[in-house]
Each structure stands twice: as C-alpha cells, then as structure tokens.
Amino acid sequence: MKNLIYIVGAGSFAEKLAISLKKFPLQVVGFIDEFRTEDLMELPVTKASELVFDPSALFITAISNQVYTKNAIERLVNVSVARSNIIPLYYDSCCVYLESTLQKNFTENIKKLTQCNGQFSQYELQTRVSTLNNNSISIRLLSRGSLFLSHLNPIRKILDINSINYELVTDREYPKLGKHKIASQEGMLSAESELVITTQFFNVAPATTKRLTLLHAIYDSMMFRESIFDEIDSPKHHFIAIPTEACMTFFKEKLSNRKLRNKVTLLPFGYPKLDQNIKSFKEYKLISAEEKLIIYAPTQSLTPNFEASEGFSLLDAQEYLMRILEILPSHQLILQPHPDDLVLLKEGSNSDEKTALKKLIKLAGSHPRVSLVDPNISQIELFSKSQFLISDTSSTAYTYAFTTSKPVLFLSPQEKELKEKWAHLSYVKDRDKVGVICASLNDLDSAISTLLLNSEDIINQIEQLKHLQVFNLSNSKACVIKTINSIKQNNIPNNWVTF
C-alpha cells in the first residue's frame, strides 16, 4: 500500500495534522489550498484545479469551518477525486484521536481509515475500544485536556467515595489517567450523557445534555476570550461552577449583556484544587524547608491572543529574569512554562513567542542557576521550597498566593496599556494585594526589595483576600454531591444565578 496523503488546508490545523502524520510510515504528498502560493513545511501547496494525483491517495481536510470544508470537497470532486477518498476533519481533536489510534495499531487502523468511506465518524466507530455511556456521568476533556485533569481529580475522588458511576473520556490515551475511554470531539458531540462534567469551554456533548463546567482559572481573566461567550449557551442548560467572587462578578457582567439561546446558571462552588493544594502544602511544610528558589510561571503564551496582548511577559522575560538573577546572586530560578506551550512549541510554524521560549529553555540548559521545571516533582513541593513566584497574568499567580501565602512578582512590561484596557478586572486591581507589580527593568530592584522586606504585610493581605474571595474555602468538596444532585433533579438553589 502506498499510503499517499494530501492535506486539504494550509492553516495551523493543517500544520498540526502534518506533524502528526509524519510520525508514521505515510507519504504526505503536500497541501491543497486555493490561496497560499509558497511551500508549507517544505511541502508543495497546490490548488485543486492544478492537482495531478494518484487515485489511491487519501485527502484529509483540516479546516474547522464547515462551509469552507464543503467548498473544498466540491473542488476536489470536480477534478475527479472520489468522495470516498476525502475525509473531513472539523476539529483539532479528530487529529489528536487519529494520531492516538494510529500509534496503537498502525497497520490495522490505517486500513480502517482508507475504508471509512470518507466519514471520520465511521473510522472512529471502528477504532473505538468502548462506547460512551448515555446513562451515567461523563467527565470529558479534549486535546491537552489531561493537563486540566488536576482540577477534576478531587471531583473524581468524591464520586469514587460515594460509589457514583462515571466515565472519563479524552481524545488520546494517557496511561497515568487509569481507566478511561477515548473519543474525538466529533464522537463526543454525538454521545448523550446524563451529565457531562468538564473544565474546558469546548462543546463536548450534544446540546440536549446538561453540562457542568468547573473553571480552571481561579480569578477573572483577560484570557477568557470573547469566543467562549459565543458558545457558552450551546448546551440546553449550562451550569458553571464559579470559584471566587471575582469570577462571579465577571461572568455576571458578561452574560447580562448577551442575548442567550439557552439557560446558563452560575453557582458559587469554590475551588477543590485549591483546597487540596492547601492541605498538601501544609504537609510539605513539615518536611520541606523553604530555599532560595524562585519560579517563573507565565500565562499560556503560544496561542495567539490579540484580544489581550498586553498581558504577556514572555517576549521580555529573559532580560527581566537575568536582571533578577543579578539582584539575587544566590537564588536558583525554575522556569515553569504553561504545559500547553511546551506542546505547542513542537507544532506549527515559528513565531516571536516560540523563539523567546526556546531561548529560555536554552538558558535553562546553560546557566548554572536556571533550570526547567522537573515534571517528576509535584507543583506543591516546588511551591513549598520557593520564596516567591514570578508571573504576569496567569491564574497561577493567585493559585500560588492563596496556596502558600507567599508573594508574587508581576512582570508587566505593558502596564500602562494593561491598565487602560483591563483595569475593571479584579485580577488587575488585586495584584498589589498578593505581591508587587514591576512595569520596567528600572523598577526591579525596588520591586524585589518591597517583596522581601514586607513579606509579613503581604502574607496578611493574601489571607484577607483569600477569605473574601474564595467560595466554600476548605469545604468545596462537600458541594460536589449536592451540586450534582441539584442539577440532575432540576432543583436549583436560591443562590444560583440563572440567565
């Protein structure tokens, strides 16, 4: 079998698909696109009308827009490509699922792909090990979704303790997760469930299925993109578990200004991961002393976000971090990039942000006092050993402060623009209650002095803010079963807010 593949599309989705397919004994012949004129990833880009192809070749579309996909399919059919040889992928998750299944059994599954009659759903049905349940709770996560699983682990434990039946579904196999099923987003969208629980604002179930979304960000954030609110009312009834007063205010304001198609209910829930973090941190403090250690944990930076470009520090980070090492000559610096960024670094085309991150990783390999975070060390152990955290607009800043009562140094190279655009956010307003803001290199000396000399005052401020902000602090687990039962029984408590 020749295993010839053309990729239809020339955007980031198409690049991700090409990276996945190149891991296997397949011949990716090139890309089909009507607008791009230069090569992509050292492969030719051809218009459908100029195509000369082997009739056995498969054409896999990597275009999220269904109208554009339909048009692309029509162009291929018009030049005599068999419709059964054209396999549309509408979701990045389908690419993830495809890679996962090909890794598991390439010989068998590539044959199933060629025989799926141009329907990815048919391929998925033939390769899925087990079907999704429609009469139990379903916890669903997409793509790099396992990275969000730590937010759901406390929920899983409660469900296990109470002998409540549930399934865990992701789009690729993760051995560390234990028992779980795999399905693409397309597969999840066709699978009903009694209740779907997730931490992401992706559509992962039919609209008729009730959904409970636990926010992974503990504070309001400029990183909640407007596109989230375009789809937030997709389920017939969407319940959103809110961790803090800051998030509640933010979501109320957003939803009150929109005409919603379906019900969205906000419920004061708390942050189970924080409760678990605080418990673990207290245990680590008994066995692990604080060291001259600082952590740099920027917000997720490699996904373009033109709505909130003022909130990033990555492009300026190396200059700031080198100056910090000069100011603190006996400290060690741990680089903790967002986990998604470490994955995205290997995908798609280059960007200024990727170049900046690569330089930081190179610094970690050459500087005696700089290292990349060790994935084998728990985050709480690292937190317990650290003296303070360096961040920008990452929600990790508040999670760190509320877990440890230690301060945060906020790097804000575009502070003027940030305040002009985002001053209404509690995240921006409350930064000086959990740490110190540094808007330029010239401010670093005084910022660090303030941070270290006023540690007791900052600790008190952090504790006060934490108790003012976090719902059901230290008691969020107790809300889990009550919340699930209320949703299943349509018994909405008075303090839940429905739009």
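Computed from heavy atoms alone, side chains included, the values below leave out hydrogens, waters and symmetry copies.
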Novice: As a quick check of understanding, evaluate side chain to side chain donor-acceptor pair (under 3.5 Å) for Q276 and S280, giving each step before the final call.
Specialist: CA-CA 6 Å; Q276 182 61 52; S280 299; 3.3 Å; yes

Novice: Side chains of Y284 and S378: do they bring a donor and an acceptor to under 3.5 Å?
Specialist: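 Yes, because at least one side-chain N or O of Y284 sits under 3.5 Å from a partner of the opposite role on S378.
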
Novice: Is there a side-chain contact between Q461 and D432, using heavy atoms and a 4.5 Å cut-off?
Specialist: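 Not touching, per the 4.5 Å side-chain cut-off.
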
Novice: Is the shortest heavy-atom distance from the side chain of F13 to the side chain of C95 under 4.5 Å?
Specialist: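 Heavy-atom side-chain distance check passes, below 4.5 Å.
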
Novice: Report the relative orientation of the aromatic rings in Y219 and Y398; use parallel for angles under 30°, tilted for 30 to 60°, perpendicular for over 60°.
Specialist: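 Plane angle under 30°, so parallel.
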
Novice: I'd like to know if the side chain of S234 pairs up with that of E231 as donor and acceptor (distance under 3.5 Å, no hydrogens or angles considered).
Specialist: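 Yes.
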
Novice: Any side-chain donor-acceptor pair under 3.5 Å between E192 and T208?
Specialist: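 Distance-only check passes for E192 and T208.
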
Novice: Looking at every heavy atom in both S412 and I437, which two are closest together, and how far apart are they?
Specialist: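 Minimum heavy-atom separation between S412 and I437: CB-CG2, 4.2 Å.
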
Novice: Mind checking whether F59 and Y6 have parallel, tilted or perpendicular rings, split at 30° and 60°?
Specialist: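 Geometry flag for Y6 against F59: parallel rings.
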
Novice: Are any side-chain N or O atoms of Y271 and backbone N or O atoms of L215, one a donor and one an acceptor, separated by less than 3.5 Å?
Specialist: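 Judged by distance alone, no pair lies under 3.5 Å.
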
Novice: Looking only at the side chains, is there a donor atom on one of N65 and K70 sitting less than 3.5 Å from an acceptor on the other?
Specialist: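 Side chains of N65 and K70: no pair found under 3.5 Å.
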
Novice: Any side-chain donor paired with an acceptor under 3.5 Å for S190 and E186?
Specialist: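 No pair is found: no donor N or O on one side chain lies under 3.5 Å from an acceptor on the other.
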
Novice: Any luck finding a side-chain donor-acceptor pair between N135 and E194 under 3.5 Å?
Specialist: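 Judged by distance alone, the side chains do not pair up.
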
Novice: Just wondering, are more than 12 heavy atoms of other shown residues or ligands nearer than 6.0 Å to NZ in K22?
Specialist: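 Buried by this count: over 12 neighbours within 6.0 Å.
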
Novice: One pair to check against side-chain contact (heavy atoms from CB on, under 4.5 Å): T170 and I182. What are the steps and the verdict?
Specialist: CA-CA 5 Å; T170 69; I182 63 169; 4.1 Å; yes

Novice: For a 4.5 angstrom cut-off between non-hydrogen side-chain atoms, does Y296 reach Q336?
Specialist: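 Not touching, per the 4.5 Å side-chain cut-off.
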
Novice: Considering only heavy atoms from C-beta outward, does the side chain of L267 approach that of I242 to under 4.5 Å?
Specialist: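 In short, these two side chains do not touch, never coming nearer than 4.5 Å.
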
Novice: Is there a donor-acceptor pair closer than 3.5 Å between any side-chain N or O of H180 and the backbone N or O of G178?
Specialist: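 Yes; at least one donor-acceptor contact below 3.5 Å.
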
Novice: Strictly distance-based, threshold 3.5 Å: is any side-chain N or O of S256 a donor or acceptor partner for the main-chain N or O of K252?
Specialist: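 Checked: pair present.
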
Novice: Of the options D233, N262, T213, which is the one that meets H238 in a side-chain hydrogen bond (donor to acceptor under 3.5 Å, both in side chains)?
Specialist: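 The passing option is T213.
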
Novice: With salt bridge (charged side-chain N to carboxylate O under 4.0 Å, His left out) as the criterion, how do D160 and K157 come out once you've worked through the C-alpha distance, each side chain's angles and the decisive distance to 0.1 Å?
Specialist: CA-CA 5 Å; D160 289 337; K157 288 178 182 178; over 6 Å; no

Novice: Take R258 and D230 through the test salt bridge (charged side-chain N to carboxylate O under 4.0 Å, His left out) and record every step on the way to the result.
Specialist: CA-CA 9 Å; R258 302 184 81 88; D230 292 336; 2.6 Å; yes

Novice: Verify the ring-centre separation between F239 and F269: is it less than 6.0 angstrom?
Specialist: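 Here the rings of F239 and F269 have centres that are no less than 6.0 Å from each other.
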
Novice: I'd like to know whether I487 forms a side-chain contact (heavy atoms from CB on, under 4.5 Å) with L212, so could you lay out the CA-CA distance, the side-chain angles of the two residues, the decisive distance to 0.1 Å, and finally the verdict.
Specialist: CA-CA 9 Å; I487 292 172; L212 172 62; 4.0 Å; yes

Novice: Classify the side-chain pair T265/T498 by whether it contains a donor and acceptor separated by less than 3.5 Å.
Specialist: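 Yes - a donor-acceptor pair under 3.5 Å links their side chains.
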
Novice: Is there side-chain contact between K23 and E99, with at least one heavy-atom pair below 4.5 Å?
Specialist: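 Heavy-atom side-chain distance check passes, below 4.5 Å.
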
Novice: Does S391 use its side chain to pair, donor to acceptor, with the backbone of A397 at less than 3.5 Å?
Specialist: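 The answer is no, because no donor-acceptor pair under 3.5 Å joins these two groups.
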
Novice: Are L214 and I240 close enough that some pair of their side-chain heavy atoms sits under 4.5 Å apart?
Specialist: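 L214 vs I240: side chains apart.
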
Novice: Going through the distances and angles, do L418 and R431 end up as a side-chain contact (heavy atoms from CB on, under 4.5 Å)?
Specialist: CA-CA 12 Å; L418 182 74; R431 287 175 300 167; 3.4 Å; yes

Novice: Is it the case that the side chain of D392 and the backbone of L411 share a donor-acceptor pair, with hydrogens and angles ignored and the cut-off at 3.5 Å?
Specialist: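 Side chain of D392 to backbone of L411: no pair is present.
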
Novice: Using side-chain heavy atoms (C-beta onward) and a distance below 4.5 Å, is L21 in contact with I7?
Specialist: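 They are in contact (side-chain heavy atoms under 4.5 Å apart), so the answer is yes.
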
Novice: If only atom types and distance count, is the side chain of E124 paired as donor or acceptor with the main-chain N or O of A183 below 3.5 Å?
Specialist: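 Between the backbone of A183 and the side chain of E124 there is no qualifying donor-acceptor contact (under 3.5 Å).
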
Novice: Is there a salt bridge (charged side-chain N to carboxylate O under 4.0 Å, His left out) between K254 and E226 once you walk through the steps?
Specialist: CA-CA 9 Å; K254 285 288 186 181; E226 283 302 315; 2.2 Å; yes

Novice: Can you tell me if R83 and N117 form a side-chain donor-acceptor pair at under 3.5 Å?
Specialist: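 No, no side-chain donor-acceptor contact under 3.5 Å.
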
Novice: Is any side-chain heavy atom of I390 closer than 4.5 Å to one of I295?
Specialist: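 No; the side chains remain at least 4.5 Å from each other.
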
Novice: Check the pair E463, S405 against side chain to side chain donor-acceptor pair (under 3.5 Å), reporting the backbone distance first and the verdict last.
Specialist: CA-CA 7 Å; E463 285 297 311; S405 297; 2.4 Å; yes

Novice: How far apart are the closest heavy atoms of C247 and D220, and which atoms are they?
Specialist: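 It is SG-N, 3.5 Å.
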
Novice: Centre-to-centre under 6.0 Å for F383 and Y400, is that the case here?
Specialist: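 Between Y400 and F383, which both carry aromatic rings, the centre distance is below 6.0 Å.
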
Novice: Taking the six-membered ring of Y123, is NZ or CZ of K112 closer than 6.0 Å to its centre and within 45° of its axis?
Specialist: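 Checked: cation-pi criterion not met.
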
Novice: Given 3.5 Å as the limit, does a donor-acceptor pair link the side chain of D171 with the main chain of L142, or not?
Specialist: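 Checking the backbone N and O of L142 against the side chain of D171, no donor-acceptor pair under 3.5 Å is found.
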
Novice: Nearest 0.5 angstrom please: L113 CG to T127 OG1, how far?
Specialist: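 Here the interatomic distance stands at 9.0 Å.
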
Novice: Looking only at side-chain N and O atoms, does H338 offer a donor or acceptor that is under 3.5 Å from a partner on S301?
Specialist: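 Result is no, nothing qualifies.
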
Novice: When you look at I361 and L335, which way does the side-chain contact (heavy atoms from CB on, under 4.5 Å) test go after all the steps?
Specialist: CA-CA 8 Å; I361 292 172; L335 303 177; 5.8 Å; no

Novice: How are the rings of F251 and F229 set relative to one another: parallel (under 30°), tilted (30 to 60°) or perpendicular (over 60°)?
Specialist: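 Geometry flag for F229 against F251: tilted rings.
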
Novice: Side chain of T198, backbone of R140: donor and acceptor closer than 3.5 Å?
Specialist: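 Yes, the answer is positive, given that a donor and an acceptor are paired below the 3.5 Å cut-off.
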
Novice: Quick one: does R36's side chain have a donor or acceptor within less than 3.5 Å of a partner on A10's backbone?
Specialist: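 Absent.
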
Novice: Have S476 and D275 got a donor and an acceptor in their side chains that come within less than 3.5 Å?
Specialist: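 The criterion, which ignores hydrogens and geometry beyond distance, is satisfied for D275 and S476.
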
Novice: If you round to the nearest 0.5 Å, how far is CD1 of I164 from CD1 of I484?
Specialist: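 Here the interatomic distance stands at 5.5 Å.
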
Novice: If we ignore hydrogens and angles and just use 3.5 Å, is the side chain of K406 paired with the main-chain N or O of F388 as donor and acceptor?
Specialist: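 Between the backbone of F388 and the side chain of K406 there is no qualifying donor-acceptor contact (under 3.5 Å).
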
